[in-house]
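Throughout, a chain's letter reflects where its sequence line sits, starting with A, and its residues are numbered from 1. For the numbers below, each heavy atom of this structure counts, side chains included, while hydrogens, waters and symmetry mates do not.
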There are 2 protein chains.
Amino acid sequence: MTRDRDRPYHHGDLRPALLRAAVDAIAEVGPAGMSMREVARRAGVSHTAATYHFGDKAGLLTAVAVEGYRLLGDALAAAEQEHQSFLEVGVAYVRFAVTHRPHFDVMFQPALHHADDAELQAAKARTAAMLYGTAEVDDRRRAEGVAAWSLVHGLATLWLNGNLPPQLAGDPEATARVVASHLRLPHR
Amino acid sequence: MTRDRDRPYHHGDLRPALLRAAVDAIAEVGPAGMSMREVARRAGVSHTAATYHFGDKAGLLTAVAVEGYRLLGDALAAAEQEHQSFLEVGVAYVRFAVTHRPHFDVMFQPALHHADDAELQAAKARTAAMLYGTAEVDDRRRAEGVAAWSLVHGLATLWLNGNLPPQLAGDPEATARVVASHLRLPHR
DNA sequence: GTGCAATCTTGCCAGTGGCACGTTAGTCTT
DNA sequence: AAGACTAACGTGCCACTGGCAAGATTGCAC
């Protein structure tokens, strides 16, 4: 009706556009503050168009989480490939959290998305396998992986929510190297 | 008007009652899903009564976070007092996260509360001092404290959001001991 | 007792998520 | 090329939410 005559009825590439808008909105107001209507406004469509593509708000956040897990997996694989160093994988983990805060925030708040989503589970499993191994790995190695993941994940989250001492909050990657040096991983 | 004739107009102890109701609600629907109106309903008052005591929704969540930081500080101090062991303080940290999930969830989502609240900052500072020392501590010790806090915090959050391998998700406290054994803290 | 401040309620408003239903336009069949 | 089908979007509506303004109730100081 009063819709732009220039803009076509069919957006043509709406789903990724909504995803980008959602990430932008989350960066500004957080995952909880983000609203479907605001995201839709940014993409220039009605809010029900977003519902059509993602089912509901949790569905949209699930899609953001899936994208996040894939990006994180890629970043970790690239670090592993480049440095052949488990430490550098950990540093890459912290770097991802800092540079992809909106994704990271959503990824680790399962109350916000559909935990049983198939794509989400697959993306999570792939990332988890890189960090603490698959089901076949022995107990010692798995415990070491969990210890390493816990360390970098804790550091990343503490940095994100402002719980690090000011002396160490400036350069999170440097802090990651210092902190990771206190880990003892005999089977790595 | 249609209000219960039994219940007095003045509740007499409403603030703590609302806090308890908020914690219960958060336990069921998460911090984001909690609503002022639902909390007020549980306490048997109108939703503006809650606004009166806490200013706004963020104020209520801030109060929950303050209570959480105090409870956590007490729990860590008790563990330190009883076992004289830094490891047991870390185990107590994980135990707190598991047994006080509503508080823990709110505490580490600063987007949900008033970060500049004086009581909150004081409660946070007290807990932080127990974990990585005060401002006067030397750099090595501070880095060790941050490493230890990162490890247990990461383990706790990964457990809470279901990112631990199933082999280690059953007994979080036992996992905390195993994982913490990979930390090397020469100055502790 | 009377004034006053603290506590709680009612009424209202804009914003939100989700549903039912209508509209548009691309695609496929014949 | 005409029509049928369906994917992609919009409109209208509903209950719910947070927050504000204004009023009602009560305890308390004096």
If hydrophobic clusters are built by linking Ile, Leu, Val, Met, Phe, Trp and Tyr wherever their side-chain heavy atoms come under 4.5 Å apart, do B:Leu185 and A:Val152 end up in the same one?
yes
Checklist line | Carboxylate-amine/guanidinium contact B:Arg41 B:Glu38, below 4.0 Å | finding: yes
- [ ] Please determine if a side-chain N or O atom of A:Tyr52 lies less than 4.0 Å away from the OP1 or OP2 oxygen of D:dC9.
- [x] no
To the nearest 10 degrees, the angle between the two end axes of the helix from C:dG1-D:dC30 to C:dT30-D:dA1 (five pairs per end) comes to 10°
To the nearest angstrom, the CD-P distance between A:Glu38 and C:dA14 comes to 18 Å
Between CG of B:Asp13 and C1' of D:dT26 the distance, given in whole Å, is 17 Å
Side-chain atoms of B:Ala49 come closest, of D:dC9, C:dC8, C:dC19, to C:dC8
- [ ] Can you establish whether the number of heavy atoms outside B:Gln81 located under 6.0 Å from its atom CD is more than 12?
- [x] no
When rounded to whole Å, the NE2 to P distance for the pair A:His113 and C:dG17 reads 17 Å
So, with a heavy-atom separation below 4.0 Å from DNA chain C, the residues of residues 27-36 of chain A are A:Met34, A:Ser35, A:Met36
Query raised in the report: Is the B:His100-B:Phe96 ring centre distance short of 6.0 angstrom?
Result: yes
Here the distance between atom P of C:dG18 and atom NE2 of A:His47, to the nearest Å, is 9 Å
Presence of A:Arg41 side-chain N/O under 4.0 Å of C:dT16 phosphate oxygens OP1/OP2: yes
Contact check, residues 54-62 of chain A vs DNA chain C, heavy-atom distance under 4.0 Å, returns A:Asp56, A:Lys57
Rounded to the nearest 0.5 Å, the CG atom of A:Leu183 sits from the CG atom of A:Leu87 at a distance of 9.5 Å
dist B:Asp171:CG -> B:Arg177:CZ (nearest 0.5 Å) comes out at 8.5 Å
- Would you kindly check whether a donor in the side chain of A:Ser46 faces an acceptor in the base of D:dT11, or vice versa, at under 3.5 angstrom? no
dist B:Met36:CE -> B:Asp56:CG (nearest 0.5 Å) comes out at 6.5 Å
Rounded to the nearest 0.5 angstrom, the CG-OG distance for A:Leu164 and B:Ser150 is 6.5 Å
Taken to the nearest whole Å, CZ/B:Arg15 to P/C:dC8 is 12 Å
Output for pair (A:Trp159 CH2, A:Arg101 CZ), nearest 0.5 Å, gives 7.0 Å
* Can any side-chain N or O of B:His113 pair as donor or acceptor with the backbone N or O of B:Val106 at less than 3.5 Å? -> yes
Rounding to 0.5 Å, atoms NE2 (B:His153) and OG1 (A:Thr157) come to a distance of 3.5 Å
When you check the phosphate oxygens OP1 and OP2 of D:dC9, does a side-chain N or O of A:His53 lie under 4.0 Å from one of them? yes
| said: Taking only side-chain N and O atoms of A:Arg37, does any of them lie within less than 4.0 angstrom of OP1 or OP2 on C:dA14? | reply: no
